[in-house]
Amino acid sequence: MNGVADHALNDDGAAVESGPPPVGRILGDCPVRLWGMTSAERLRRSLRRAGVTEVAPWDGTVTPGRRHLLVRDDHVYDAILMKDLAGVRNVVLTTESGEPVAACVDAARVEAVAAALTAGGPLPDDLRTVTPGVLSSAHNAILRKRETPYLLPLTAETRPAVERRMFAGSYKGVTDLVTKYLWPAPALRVTRWCAGRGITPNQVTSASFVLMLLALVAFLYGWYLPGLVMAWVMTFLDTVDGKLARVTLTSSPFGNIFDHGIDLIHPPFWYWAWIAGLGSVGLALAYSDAIVVVIFAAYILQRILEGVFPLLFTVKMHVWRRFDSRFRLITARRNPNLILLTVGALAGRPDLGALAVAIWTVLSLLVHIGQVVQASKARRNGPLVSWLAQ
């Protein structure tokens with residue numbers, strides 16, 4: 001649910017329930033480039049993703065009978081702001097200090113509002129002014145976090161800070177401890193480097209796919225340390241591709257399936273290859289086939305429970321309670337399990353690393369089963385609500 005429904009805009013008749021999307025008009029000519037593209041180009045991509053298909057620079061032309069979404073290009077807007085602003089009527093978006101920077105208004109008010117946004121003239125008295133926190137909800141269900149949408153001035157001096165804030169905004173709030181605490185700083189630099197050279201998210205995902213296969217082969221032959229290097233680089237690139245797609249607004253259905261499909265399928269095959277390679281280093285495990293079956297079964301059941309949970313309880317498993325979000329940091333997904341394998345390999349006991357992965361995967365499955373049982377009981381008292389939305 002967006003901020004319009006959460007706040008008082010509907011009371012003044014501001015919300016638009018039906019009708020065509022507004023016409024997009026970009027005001028200004030900011031020379032500062034963000035993530036390798038002009039501010040105007042990023043605004044065009046953002047507006048189109050918000051459903052505003054007719055986008056052009058403001059030249060004074062007004063389309064009769066249509067709402068117009070006017071946006072200054074010397075500011076950077078969280079994507080949710082464009083989406084929510086496109087869904088209202090006669091509303092002006094201001095900075096926290098009260099400076100108007102964007103608006104969605106009827107055709108009759110377009111010229112006056114455009115003048116006010118560009119030259120600082122007076123706004124029509126019948127418009128509603130809102131700040132980002134009023135227009136849009138702080139709860140981002142897609143990225144599993146709670147934060148006020150950003151609205152930032154864009155100059156040559158502010159660009160580094162703006163890109164850092166945009167990058168932070170592209171990060172999921174609930175994820176594993178490696179992605180959350182280790183990768184952000186280097187991923188920001190690599191994402192900026194890729195964006196500046198026109199490297200696409202799908203190209204990064206393709207590189208990570210190749211590294212995934214090479215790591216699997218290395219594990220299969222018992223080349224654990226080289227394999228771990230490739231595996232960790234692969235997990236790093238898995239962070240970069242998603243952030244690159246979000247900050248450049250170039251995500252696509254194919255890219256989403258390609259990226260998440262790799263993430264979902266490959267981890268248990270890594271563990272199988274790791275265990276199969278133990279014989280090459282004289283550390284073969286007894287009952288290795290049974291251990292592989294246990295890992296595969298526990299991993300698959302764990303992912304099934306994670307997928308079924310929101311269908312049963314209308315909230316994702318890892319964002320229901322604070323405990324669930326904290327447990328997501330260490331649950332038996334790829335990165336926490338890679339830590340166990342790395343420790344085992346560095347200690348000269350890759351066999352113990354494999355056993356640790358098997359044990360931790362089973363224990364994590366038991367925790368997930370407990371979460372489903374607890375949710376089933378809690379649902380008797382009413383619908384489950386994410387702690388991030390409270």
Side-chain angles (χ1 to χ4, degrees), residues 1-3 5-6 80 137-148 171-184 235 238-239 242 256 259-268 270-271 290-341 343 353-390:
M1 184 177 294
N2 64 26
D6 290 340
I80 190 64
S137 171
H139 177 216
N140 188 324
I142 296 176
L143 294 182
R144 301 196 291 267
K145 60 184 176 182
R146 183 177 180 84
E147 63 179 5
T148 301
Y171 240 86
K172 289 181 179 179
V174 178
T175 185
D176 67 86
L177 75 172
V178 175
T179 302
K180 190 176 182 70
Y181 299 118
L182 182 61
W183 290 154
T235 69
D238 185 41
T239 289
N256 187 58
D259 181 29
H260 289 89
I262 295 172
D263 294 346
L264 180 66
I265 294 172
H266 81 269
W270 272 2
Y271 312 146
I291 294 172
V292 169
V293 170
V294 168
I295 291 177
F296 265 80
Y299 175 82
I300 293 170
L301 288 174
Q302 177 181 327
R303 299 309 297 261
I304 289 175
L305 289 178
E306 292 173 347
V308 169
F309 196 94
L311 300 178
L312 296 176
F313 308 111
T314 67
V315 63
K316 291 185 177 181
M317 174 182 286
H318 298 300
V319 297
W320 173 28
R321 303 164 301 183
R322 287 182 184 270
F323 166 81
D324 306 310
S325 296
R326 290 169 179 164
F327 187 71
R328 176 63 180 87
L329 290 168
I330 58 173
T331 193
R333 291 281 194 93
R334 178 194 61 205
N335 289 355
N337 283 350
L338 266 183
I339 294 176
L340 298 177
L341 295 177
V343 171
L355 285 175
V357 167
I359 293 169
W360 184 234
T361 302
V362 171
L363 291 177
S364 293
L365 173 62
L366 294 177
V367 171
H368 288 335
I369 292 173
Q371 289 169 304
V372 172
V373 172
Q374 292 167 345
S376 299
K377 294 179 179 178
R379 186 173 54 180
R380 299 171 187 169
N381 299 321
L384 273 59
V385 178
S386 170
W387 70 275
L388 295 171
Q390 297 175 6

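Keep in mind that the numbers below use all heavy atoms, side chains included, and drop hydrogens, waters and symmetry copies.
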As an exercise, state the distance from CG of Leu177 to CD1 of Ile330, rounded to the nearest 0.5 Å. 8.0 Å
Validation row: Leu365, Leu305 side chains within 4.5 angstrom (heavy atoms): yes
What pairs with Ala332 under side-chain contact (heavy atoms from CB on, under 4.5 Å), at least two apart in sequence or on another chain? Gln302, Asn337, Trp360, Thr361, Ser364
Sequence-distant partners of Val294, side-chain contact (heavy atoms from CB on, under 4.5 Å), two or more places apart: Val362
Can you tell me how far CD1 of Ile339 sits from CG of Asp176, rounded to the nearest 0.5 angstrom? 7.5 Å
Side chains of Arg328 and Met317: closer than 4.5 Å at any heavy-atom pair? no
For the student: nearest non-hydrogen atoms of Leu341 and Ala354, plus distance: CD2-N, 3.9 Å
Quick one, Asp324 with Trp387, criterion side-chain contact (heavy atoms from CB on, under 4.5 Å). Give me CA distance, side-chain angles, the key distance, then yes/no. CA-CA 10 Å; Asp324 306 310; Trp387 70 275; over 6 Å; no
Rounded to the nearest 0.5 Å, what separation is found between the CG atom of Leu355 and the CG atom of Leu340? 11.0 Å
Working to the nearest 0.5 Å, report the span between CG of Leu329 and NE2 of His318. 10.5 Å
Run the ring-ring contact (aromatic ring centres under 6.0 Å, His included) test against Trp183 and tell me which residues pass, sequence neighbours left out. Phe236
Please identify each residue that fulfils ring-ring contact (aromatic ring centres under 6.0 Å, His included) with Phe296, with sequence neighbours left out. Phe269
Tightest non-hydrogen contact, residues Pro184 and Thr179, listed as CD-O, 3.4 Å
Using the salt bridge (Lys or Arg N to Asp or Glu O under 4.0 Å) criterion, which residues pair with Arg303? Sequence neighbours excluded. Glu306
Donor-acceptor contacts, no H, no angles, side chain residues 376-383, under 3.5 Å, sequence neighbours left out:
from: Ser376; atom 1: OG; to: Val372; atom 2: O; distance (Å): 2.9
from: Arg379; atom 1: NH1; to: Leu312; atom 2: O; distance (Å): 2.8

Any residue meeting side chain to side chain donor-acceptor pair (under 3.5 Å) with Asp238, in chain and number order, not counting sequence neighbours: Arg334
All side-chain contact (heavy atoms from CB on, under 4.5 Å) counterparts of Phe323, not counting sequence neighbours: Arg321, Phe327, Val367, Gln371
What's the spacing between Leu388 CG and Lys316 NZ if we round to 0.5 Å? 11.5 Å
Could you measure the distance from the CZ atom of Arg322 to the OG atom of Ser386? Nearest 0.5 Å is fine. 10.0 Å
Side chains of residues 259-267: which donor-acceptor pairs under 3.5 Å do they make with residues two or more places apart or in other chains?
from: His260; atom 1: ND1; to: Asn256; atom 2: O; distance (Å): 2.9
from: His260; atom 1: ND1; to: Asn256; atom 2: OD1; distance (Å): 2.9
from: His266; atom 1: ND1; to: Ile262; atom 2: O; distance (Å): 2.7

Compare every heavy atom of Val319 with every heavy atom of Ser325, then report the nearest pair and how far apart it is. OG-CA, 3.8 Å
For the student: nearest non-hydrogen atoms of Tyr299 and Pro268, plus distance: CE2-CD, 3.6 Å
Given Thr239 and Val178, is the side-chain contact (heavy atoms from CB on, under 4.5 Å) satisfied, shown in steps? CA-CA 10 Å; Thr239 289; Val178 175; over 6 Å; no
Residues two or more places apart in sequence or in another chain: which of them pass side-chain contact (heavy atoms from CB on, under 4.5 Å) with Ile359? Leu363
